[in-house]
Amino acid sequence: MTMPTNRVFSGVQPTGNLHLGNYLGAIRHFVGLQKTHQCLYCVVDMHAITVWQDPKELAHNTREVAAAYIAAGINPKEHIIFNQSKVSAHAELAWVLNCVGRMGWLSRMTQFKEKAGKHKENASVGLFTYPVLMAADILIYRATHVPVGDDQKQHLELARDIAQKFNNDFSGNGSEGFFPAPEPLIMGAATRVMSLRDGSKKMSKSDPSAMSRITLTDTVDDIAKKIKKAKTDMEPIPETAEGLKERPEADNLVGIFAALSGQTKDDVLADFAGQGFGAFKPKLAELAIEKLSPITGEMARLMDDPAEIDRILADGAERASALAQPVLAEVKKIVGFV
Ligand code: AMP
Ligand code: TRP
């Protein structure tokens with residue numbers, strides 16, 4: 001069986017409110033990697049249901065993430081776009097890996113602690129083993145590179161630990177070097193986009209305030225309004241990144257500008273040093289609208305034809321399955337399933 005050397009896998013949950021953080025931290029990089037890698041981009045609907053999802057909304061949101069991938073510039077013919085639940089190998093490998101990963105490892109996952117909150121007893125079992133399914137997503141394709149936002153770093157480390165433990169545990173039965181250790185790609189000036197209302201919280205799909213995030217379905221007016229109202233401070237824009245320390249809201253807006261314009265934060269500071277946010281915000285709004293509204297428009301066009309999206313997802317699932325099946329068959333052999 002071939003061992004890929006440049007295979008990318010990543011996923012986004014279809015939980016609604018796709019936002020600027022998802023775009024700048026992840027989806028935008030998915031697009032760039034197509035030139036150099038064989039890419040699989042998944043809509044991880046099985047991860048989504050680790051917290052309650054209304055079934056009709058889940059179906060809509062699944063198509064919407066697929067539409068966002070395509071609208072952002074992912075080519076579903078040359079690469080693969082599909083939804084996780086259509087390729088059963090993910091769930092099958094996840095079970096084996098559930099028996100490789102350790103309770104102690106999973107207990108340290110900060111995302112579980114955040115999402116489960118004070119009521120751990122009430123969290124789904126799926127939410128606890130969520131990172132194991134994520135490891136299976138990646139390892140079933142023996143993917144080598146995984147573009148994600150900063151918040152997924154710990155999950156990627158766990159995936160590497162699981163890969164290594166599997167390789168060791170079954171070394172008497174041909175598992176040496178079977179799974180490559182997937183490398184996280186955490187790229188650009190906005191790996192962690194923060195809420196527009198509170199610079200200490202990350203921009204998130206589930207924040208109760210719609211003003212905290214710019215979504216990929218926002219209108220031009222929504223974007224302008226949200227940036228105008230974004231929390232800032234009274235100080236002017238500093239000359240160096242040092243001057244952004246202790247100013248999380250200012251730092252966030254400068255980082256967003258840098259990521260959208262393809263510059264570094266230092267470039268942006270050099271252009272705007274000494275100006276107030278009153279002058280900066282309209283420029284940021286203009287840039288955000290220029291970059292996001294073509295994607296929003298294309299997503300809307302694609303969402304008008306759900307049957308076409310379903311066809312693309314089905315085709316992607318078939319090709320993903322063809323890559324996953326031989327790996328799963330080998331895993332079964334290694335584990336001793338006859
Ligand atoms: P999720 O919405 O949790 O499925 O996340 C999809 C992708 O977007 C993952 O790679 C996340 O790391 C990334 N992401 C989510 N929120 C942010 C954020 N606020 N800033 C940067 N990247 C993010
Ligand atoms: N956990 C990721 C998130 O919420 C989504 C995800 C699921 C993923 N499986 C993955 C990302 C595999 C990268 C690779 O952002």
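Order of appearance sets the numbers: ligands from 1, and atoms from 1 within every ligand.
For ligand 2, one of its N or O atoms has an N or O atom of Q13 under 3.5 Å away. Residue-to-ligand polar distances keep K202 apart from ligand 1: every N/O pair is separated by 3.5 Å or more. Inclusion of K205 in the set of residues having an N or O under 3.5 Å from an N or O of ligand 1 is warranted. Geometrically, ligand 1 and D150 share no nitrogen or oxygen pair separated by less than 3.5 Å. Considering both main-chain and side-chain atoms, G149 comes within under 3.5 Å of ligand 1 through a nitrogen or oxygen pair. Polar contact with ligand 1: absent for A190 (N/O pair, distance under 3.5 Å). Looking at S10 next to ligand 1, no N or O pair under 3.5 Å apart turns up. Considering backbone and side-chain N/O atoms, Y130 comes within less than 3.5 Å of an N/O atom of ligand 2. Checked against a 3.5 angstrom limit, the closest N/O atoms of Q152 and ligand 2 fall inside it. For G21, a nitrogen or oxygen atom sits less than 3.5 Å from a nitrogen or oxygen atom of ligand 1, counting backbone and side chain alike.
Using a distance-only test at 3.5 Å, with no hydrogens or angles considered, no donor-acceptor pair links the side chain of R28 to the main chain of G188. The backbone N or O of S204 sits less than 3.5 Å from a side-chain atom of R213, completing a donor-acceptor pair.
Scanning the protein for heavy atoms near atom 4 (O) of ligand 1, the closest one is Q13 N, 2.9 Å. Of all protein heavy atoms, the one lying nearest to atom 9 (N) of ligand 2 is D137 OD2, 2.7 Å. If you check which protein heavy atom lies closest to atom 5 (C) of ligand 2, you get G11 O, 3.5 Å. Protein heavy atom closest to atom 7 (C) of ligand 1, with residue, atom name and distance, is A26 CB, 3.7 Å. Closest protein heavy atom to atom 20 (N) of ligand 1: V193 N, 2.8 Å. Counting only heavy atoms of the protein, atom 10 (C) of ligand 2 lies nearest to M134 CG, 3.4 Å.
Environment of CD in Q164: sparse, with no more than 12 heavy atoms of neighbouring residues, nucleotides or ligands closer than 6.0 Å. Annotation for K113: atom NZ counts as buried by contact number, over 12 foreign heavy atoms lying within 6.0 Å. The 12-atom threshold is not exceeded at NZ of K153, counting heavy atoms of other residues, nucleotides or ligands nearer than 6.0 Å. When the shell of 6.0 Å around CD of Q275 is examined, it contains more than 12 heavy atoms from other residues, nucleotides or ligands.
Taking the six-membered ring wherever Trp is involved, the centroid distance between the rings of F178 and F170 does not fall below 6.0 Å. Here H90 and Y141 bring their ring centres to under 6.0 angstrom of each other.
The CD1 atom of I295 sits 11.0 Å away from the CG atom of L18 when rounded to the nearest 0.5 Å.
Within the set V12, T191, N22, the minimum heavy-atom distance to atom 5 (O) of ligand 1 is found for N22. Between D151, V148, V65, it is D151 that holds the heavy atom closest to atom 11 (C) of ligand 1.
Contact atoms of ligand 2 toward S10: 11 (C), 13 (C), 14 (C) (distance under 4.0 Å to a heavy atom of the residue). Of all the atoms in ligand 1, the ones that sit under 4.0 Å from a non-hydrogen atom of G25 are 21 (C), 22 (N). Each of the following atoms of ligand 2 lies closer than 4.0 Å to a heavy atom of F9: 12 (C), 14 (C). If you number the atoms of ligand 1 from 1 as listed, the ones under 4.0 Å from a heavy atom of Q152 come out as 12 (O). Of all atoms in ligand 1, numbered sequentially from 1 with element shown, those under 4.0 Å from a heavy atom of R192 are 20 (N), 21 (C). If you number the atoms of ligand 2 from 1 as listed, the ones under 4.0 Å from a heavy atom of V148 come out as 11 (C), 13 (C). Distances below 4.0 Å separate heavy atoms of V146 from the following atoms of ligand 2: 13 (C), 14 (C). The contact set between ligand 2 and H47, taken as ligand atoms under 4.0 Å from a residue heavy atom, comprises 7 (C), 9 (N).
Using a 4.5 Å heavy-atom threshold, the side chains of H155 and L158 count as separate.
Checked for salt-bridge contact, D151 and K202 meet the test: a charged N lies under 4.0 Å from a carboxylate O. By the 4.0 Å N-to-carboxylate-O rule, D198 lies too far from K231 to be salt-bridged with it. Look at D315 and R319 and you find a salt bridge, because one of the NZ, NE, NH1 or NH2 atoms lies within 4.0 Å of a carboxylate O, short of that distance.
At a heavy-atom cutoff of 4.0 Å, ligand 2 is contacted by the side chain of I138 but not by its backbone. The proximity of V12 to ligand 2, defined as any non-hydrogen pair under 4.0 Å, does not occur for either the backbone or the side chain. When heavy-atom distances to ligand 1 are checked against a 4.0 Å cut-off, H19 comes that close only through its side chain, counted from C-beta outward.
Relative orientation of the Y41 and Y69 rings is tilted, given thresholds of 30° and 60° on the angle between their planes. Using cut-offs of 30° and 60° on the angle between ring planes, the pair F280 and F272 is perpendicular.
One hydrophobic cluster, built from ILVMFWY side chains closer than 4.5 Å, cannot hold both V44 and M134; they sit in different ones.
Side-chain atoms of S261 and Q263 include a donor-acceptor pair closer than 3.5 Å.
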